[in-house]
Amino acid sequence: MFYELAMSTWGPEEAEAIARTFASDRTTMGEAVAGFERAFAAYHGRRHAVMVNSGSSANLIAVASFFYRRRDPLKRGDEVLVPAISWATTYHPLQQYGLRLRILDVELDTLNMDVSRLEEALTPRTRAIMAVSILGNPAALDVLRAFADRHGLYFIEDNCESMDAELNGRKAGAFGDVSTFSLFFSHHISTGEGGVALTDDEETFHLLRSLRAHGWTRDLPADSPIFERRQDDFFEAYRFIVPGYNVRPMEFQGAVGAIQLKKLPGFTAQRRRNLALFRSLFAADGRFIIQRENGKSSSFAFTIVLHPEAQLDRGKILAALKSADIGYRIITGGCILRHDVMRHYDYETVGEMKNAYLAHDSGFFVGNAPVDLTPQIHRLREVLDRAGR
Ligand SMILES: Cc1ncc(COP(=O)(O)O)c(C=O)c1O
């Protein structure tokens with residue numbers, strides 16, 4: 001394809017790391033995963049990282065961890081504030097743990113949660129915020145963090161799409177009580193499948209580790225704050241303390257992650273060069289609404305929402321992209337309210353829901369990648385010029 005939605009970021013170093021790991025006979029998670037976790041936490045200025053097998057699993061154990069805290073655990077029926085646009089597995093763990101969603105509209109330009117609605121969204125049952133930074137563009141994480149602190153809410157940050165983005169000199173993923181990342185193929189760095197949860201809190205860190213591996217104590221040190229080890233080694237070897245999962249990564253993924261992480265600053269710089277070109281070609285064109293950067297985007301992709309007043313036909317535009325061999329897709333997972341799965345949810349919307357529907361019905365994205373996309377972005381411009389008449 002002339003202009004792909006996503007490209008592999010692996011080179012010979014990753015292939016060698018995989019071969020080395022398998023040759024060592026170590027397939028289940030071990031030192032390479034632990035090494036990657038240390039490096040990933042340090043990169044984000046956080047104390048702890050827990051690597052898992054996907055970003056969805058990171059969200060799952062992140063949400064679960066708040067239910068097993070000693071003090072003030074979340075309970076079924078508590079409310080959580082979420083934006084209307086994200087990926088499905090931002091929301092599913094919230095439903096699975098019996099939380100009631102209060103869904104806020106997004107801003108049409110950033111595509112992130114409209115934080116002017118926060119006061120209106122708050123009820124006496126609100127206990128948490130699930131913040132999402134869409135496609136590399138930081139949400140108003142500073143505003144959300146301050147709001148959460150002011151009202152004693154837990155703050156979970158789904159940063160699966162915005163690794164290496166920055167806001168006020170801090171990395172996205174450094175704001176949440178727990179912050180999650182995806183290492184899926186198309187993301188900023190990839191371990192094939194994979195994910196990470198970051199936290200600074202000791203108890204949460206131990207809960208995340210136990211939840212990752214069957215809910216047992218095997219991965220926890222003897223002085224863990226979440227259980228007291230007894231003398232009986234026979235029993236202690238298979239001791240279960242929380243209803244956990246098996247969402248462990250494989251050892252080769254840790255080895256690949258460490259190599260990819262070293263490449264990340266270079267990847268982000270190239271993505272941002274592509275973004276600068278995209279913006280220079282599209283920012284002044286009123287027909288197409290593109291993402292307004294909040295802080296420093298790590299530019300996962302280039303979004304376009306057709307301005308309602310321009311009265312363009314998305315079907316016609318997508319057909320033109322297809323014949324020009326340009327990949328496109330819905331923005332993230334679109335507006336969650338448009339999906340059948342909502343019949344299984346306990347939720348309410350907060351105020352008018354307009355922008356998320358518009359982005360769902362009249363938007364799309366094309367890819368960005370850590371390679372020079374100058375010819376591709378110029379072709380996109382030409383195609384949209386013709387189709388947008
Ligand atoms: C915002 C968001 N959350 C969670 C996920 C899930 O990540 P994974 O595909 O690694 O399970 C994604 C995936 O793209 C995502 O975009």
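Atoms within a ligand are numbered from 1 in the order they appear, just like the ligands themselves.
Summary of contacts: the protein heavy atom closest to atom 6 (C) of ligand 1 is Ser56 OG, 3.3 Å. The single protein non-hydrogen atom nearest to atom 16 (O) of ligand 1 is Glu161 OE2, 2.6 Å, given as residue, atom name and distance.
A salt bridge links Glu236 with Arg239: the closest approach of a Lys/Arg side-chain nitrogen to an acidic carboxylate oxygen falls below 4.0 angstrom. Comment: Arg287 engages Asp285 in a salt bridge, judged by a side-chain N to carboxylate O separation of less than 4.0 angstrom.
Residue-ligand proximity, Cys160 to ligand 1, at heavy-atom distances under 4.0 Å covers atoms 2 (C), 3 (N), 4 (C), 5 (C), 12 (C), 15 (C). Close approach of ligand 1 to Gly194 (heavy-atom distance below 4.0 Å) involves ligand atoms 10 (O). Those atoms of ligand 1 with a heavy atom of Thr89 less than 4.0 angstrom away are 4 (C), 5 (C), 6 (C).
In this structure, Tyr245 has its ring center at least 6.0 angstrom away from the ring center of His214. Aromatic ring centroids of Phe181 and Phe40 lie under 6.0 Å apart. Under the 6.0 Å cut-off for aromatic ring centres, Phe300 and His188 qualify, their centroids lying closer than that.
Ser57 does not count as a contact of ligand 1, since none of its heavy atoms falls under 4.0 Å from the ligand. Distances from ligand 1 to the non-hydrogen atoms of Ser86 include at least one value under 4.0 Å. Residue contacts with ligand 1: Glu193 is excluded, as none of its non-hydrogen atoms falls under 4.0 Å.
With a 4.0 Å cut-off on non-hydrogen atoms, Ser54 touches ligand 1 through its backbone as well as its side chain.
Taking any N or O of Phe184, backbone or side chain, none lies under 3.5 Å from an N or O belonging to ligand 1. Considering backbone and side-chain atoms together, Thr332 places no N or O closer than 3.5 Å to any N or O of ligand 1. Inclusion of His187 in the set of residues having an N or O under 3.5 Å from an N or O of ligand 1 is warranted. Considering both main-chain and side-chain atoms, Trp87 never comes within under 3.5 Å of ligand 1 through any nitrogen or oxygen pair.
Note on Leu281: it clusters hydrophobically with Ile317, by side-chain heavy-atom contacts below 4.5 Å among ILVMFWY residues.
For the pair Arg381 and Phe282, the cation-pi criterion (under 6.0 Å, within 45° of the ring axis) is fulfilled.
Note: Tyr154 and Phe66 have tilted aromatic rings, judged against thresholds of 30 and 60 degrees for the angle between ring planes.
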(request) For Tyr328 and Phe365, run ring-ring contact (aromatic ring centres under 6.0 Å, His included): C-alpha distance rounded to whole Å, both residues' side-chain angles, the deciding distance at 0.1 Å, then the answer. (result) CA-CA 5 Å; Tyr328 54 82; Phe365 82 58; over 10 Å; no
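Nearest-residue assignment for atom 1 (C) of ligand 1 (options Leu60, Asn59, Asp158; heavy-atom criterion): Asp158.
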